[in-house]
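The next block holds one structure in the form of structure tokens; read it before the comments.
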Protein chains: 2
Amino acid sequence: MDVAREAGVSPSTVSRILNGTARVSDDKRQAVLAAIAEMNFAPNQMAQGLKKGRSMTIGIVVQDISSPFFDETLRGVDDGLKGTGYASVIVSGHWNAEEEADRIRLLLARKVDGIILLSGRMSDQTVLNFSTQRPIVSTGRALRTRSALGFKMDNEHGAYLAVHHLIELGHRRIAFISGPSNNIDAIERLAGYTRALAEAGIALDPQLIVEGNYHEASGMLAMNRLFDTHQQFTAVFAANDLSAYGARLALYRKGIRVPDDISLVGFDDLPGSSYTTPPLTTIRQPLYDIGRIATHSLLCIINGGETRGEVPPLELIVRETTRRVR
Amino acid sequence: MDVAREAGVSPSTVSRILNGTARVSDDKRQAVLAAIAEMNFAPNQMAQGLKKGRSMTIGIVVQDISSPFFDETLRGVDDGLKGTGYASVIVSGHWNAEEEADRIRLLLARKVDGIILLSGRMSDQTVLNFSTQRPIVSTGRALRTRSALGFKMDNEHGAYLAVHHLIELGHRRIAFISGPSNNIDAIERLAGYTRALAEAGIALDPQLIVEGNYHEASGMLAMNRLFDTHQQFTAVFAANDLSAYGARLALYRKGIRVPDDISLVGFDDLPGSSYTTPPLTTIRQPLYDIGRIATHSLLCIINGGETRGEVPPLELIVRETTRRVR
DNA sequence: CTGTTAGCGCCTTCAT
DNA sequence: ATGAAGGCGCTAACAG
């Protein structure tokens, strides 16, 4: 490298100073440092990576780059990476197993040192297969091998908490706007809803369950569907906050007051849920913490350390969209 | 490489097939393709990059990875990159000029082929300096050199549109929740507010202007401040949607109806603004398009092509938080 | 303490 | 049409 020439030393010496690999005499060090500053030189990370076999890059697979759900987790990842020298390349799988696998192959070709997979539709086995090439930490899966780790939230329990809260407030006709029926989290949340009802001796009415797709529009549609079929209910549990927002709008359009006429509970506790009108009662997912902990764990695996790290549990956040039934 | 050995050819031949650089006999091609498939080989991008001098990576600098404002733009970037072979490494400057510069240096060391800078506090001159190393496309700046390009929205005009809309509805006492006074966009939006008022012959009342910081909480605080100082007004213009959300909540807490008692206008048209209660009247920024166009332009510059691409203008979206004053 | 050498994986002349 | 050789920028092993 030309810093070496500029400073009148060999490339190795420069390298040694840059990496602190060995002792170097003070005068040469000064000269090199000066040359570096003057040329504002920074080592070519691609060359470094090629040589050392580590790119100092980790890959993140999200499903939707502009969903507050993933973005809050990404914030945790970003903070977790701070000061580690690692950078991240973020790709999106768009909730498509095929695309996820593609993206992971892309990351692998780029020699990322590890991968964080946020949710997704890929089978656990596929994840395990990829994990032979690079360590993978994933959310929404219960994995635990030498090079693959999963963090799974107790969705069933979370949903139970939500519905139980409603029941305690005296509600007995509780509608449920579910997630996509092929989504594992959605299935588990439905199970929690069912259990809470059963436990309270409330018969499950299939008419009160409408399938959504986790987006606002589907929450709105689901709500309208409930009205169109003349269902009677005093509360609604939406499988995620986004669909709760949509349901809220449908209610507003009908002139139905929340929580006075109907109570509403969401799931996720997105940042925006503290500022809806009224603020949304919901089940809090520790999204930021998940991102941080996943990152930390991945770094541990990469550096051959132990993988500890527990994620905080789901938690009911009572705000202002629920009230005792009159 | 071992694919070569496996297929009984030289590495050069494999490379030629991979890159379509030269004609290769069909039998050898088959052999190589088979070997590649069997070993599921993918070329090491770091080695490729080192050799070719292009990393097929672009760097994105956002200010806040979990803000819907940036995320919507990122979605445009992501789509713009689709199918190009480029991946992106996303870093955050956290609205700090020093940190932005740091992040850019990091991207440069990683040999990104170009940089997209979304907003930020760095001076134009600094951007220009960095652009000598790699092309930079930035939002929120009016730049146009061989290797630096900026897209600037007409904030003054946007704010004017918002306030003009309120004036047309008969409002004359219009409060303004501004952005940070050291933010260029904020300053321009204030100018638009001022001009609309002046044009309508309405005296500007400094008491009606409260500084916020673009976040929900500050919108809420600003609103309360207005009430605490007993200001009279029938409409509020918030400098961005997030602070409008906060203002909305403050209004709700006071039992003031929107739009019946007070009208509210935001700025940005975030995805969530269609689902607030009621849906927010706002100035639409073409965030997604900005991301797409910025990406496209950057790729053009990188490949030595011409830089065209116009961004759609700001636009008033009338939803349900504004109404004619009684 | 420091310079020389070799090689990370790939592509690109240059020969053949 | 194809193989051999050299080098992208850097670091680690080996001498000295």
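Naming: A, B, ... by sequence-line order, numbering from 1 per chain.
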| query | Passes side-chain hydrogen bond (donor to acceptor under 3.5 Å, both in side chains), A/Ser15 versus A/Asn19? Steps please. | reply | CA-CA 6 Å; A/Ser15 171; A/Asn19 299 291; 3.3 Å; yes

| query | With sequence neighbours left out, what residues match A/Arg75 under side chain to side chain donor-acceptor pair (under 3.5 Å)? | reply | A/Glu72, B/Ser66

| Hey, does B/Val89 have a side-chain heavy atom less than 4.5 Å from the side chain of B/Leu107? | yes

| query | Does A/Ser55 offer a backbone N or O that forms a donor-acceptor pair with the side chain of A/Thr57 under 3.5 Å? | reply | yes

| Got a sec, which residues hit ring pair (Phe, Tyr, Trp, His ring centres under 6.0 Å) with B/Tyr214, two or more places apart in sequence or on another chain? | none

| Going 5' to 3' on DNA chain C, which nucleotide is the first and which the last to come under 4.0 Å of a heavy atom in chain A? | C/dC1 to C/dG9

Identify every side-chain donor-acceptor pair in residues 293-301 of chain A under 3.5 Å, counting partners at least two apart or on other chains, and give the distances.
| residue | atom | partner | partner atom | Å |
| --- | --- | --- | --- | --- |
| A/Thr295 | OG1 | A/Gly291 | O | 2.7 |
| A/His296 | NE2 | A/Arg308 | NH2 | 3.2 |
| A/Ser297 | OG | A/Ile293 | O | 2.8 |

| query | Please, which pairs that meet ring-ring contact (aromatic ring centres under 6.0 Å, His included) have at least one residue in residues 81-107 of chain B, sequence neighbours excluded? | reply | B/Phe70-B/Trp95

N/O contacts under 3.5 Å, protein versus nucleotides 2-4 of chain D?
| residue | atom | partner | partner atom | Å |
| --- | --- | --- | --- | --- |
| D/dT2 | OP1 | B/Ser25 | OG | 2.6 |
| D/dT2 | OP2 | B/Ser25 | N | 2.6 |
| D/dT2 | OP2 | B/Ser25 | OG | 3.4 |
| D/dG3 | OP2 | B/Ser10 | N | 3.0 |
| D/dG3 | OP2 | B/Ser10 | OG | 3.0 |
| D/dG3 | OP2 | B/Thr13 | OG1 | 2.6 |
| D/dG3 | N7 | B/Arg16 | NH2 | 2.6 |
| D/dG3 | O6 | B/Arg16 | NH1 | 3.4 |
| D/dA4 | N7 | B/Ser12 | OG | 3.4 |
| D/dA4 | N6 | B/Ser12 | OG | 3.0 |

| remark: So, with a heavy-atom separation below 4.0 Å from DNA chain C, the residues of residues 39-56 of chain A are A/Leu50, A/Lys51

| field | Euclidean distance, atom CG of residue A/Leu18 to atom P of D/dG9 [Å, nearest integer] | value | 15 Å

| query | For the helix from C/dC1-D/dG16 to C/dT16-D/dA1, how many degrees between its two end axes (five pairs per end), to the nearest 10°? | reply | 50°

| Looking at residues at least two apart in the chain, or sitting in another chain, which of them share a side chain to side chain donor-acceptor pair (under 3.5 Å) with B/Asn182? | none

| note | In whole angstroms, the gap separating P of D/dA1 from CD1 of B/Ile17 amounts to 12 Å

| field | pair A/Leu143-A/Asp124: side-chain heavy atoms closer than 4.5 Å | value | yes

| task | Please check if atom CD in B/Gln30 has more than 12 non-hydrogen atoms from other residues, nucleotides or ligands closer than 6.0 Å. | result | yes

| How would you list, by chain and number, every residue that makes a side chain to side chain donor-acceptor pair (under 3.5 Å) with A/Thr132, sequence neighbours excluded? | none

| request: Using the ring-ring contact (aromatic ring centres under 6.0 Å, His included) rule, collect all pairs that involve residues 98-154 of chain A, keeping only residues at least two apart or in two chains. | output: none

| request: List in chain and number order the residues that pass side chain to side chain donor-acceptor pair (under 3.5 Å) with A/Ser138, two or more places apart in sequence or in another chain; answer none if no residue qualifies. | output: A/Arg141

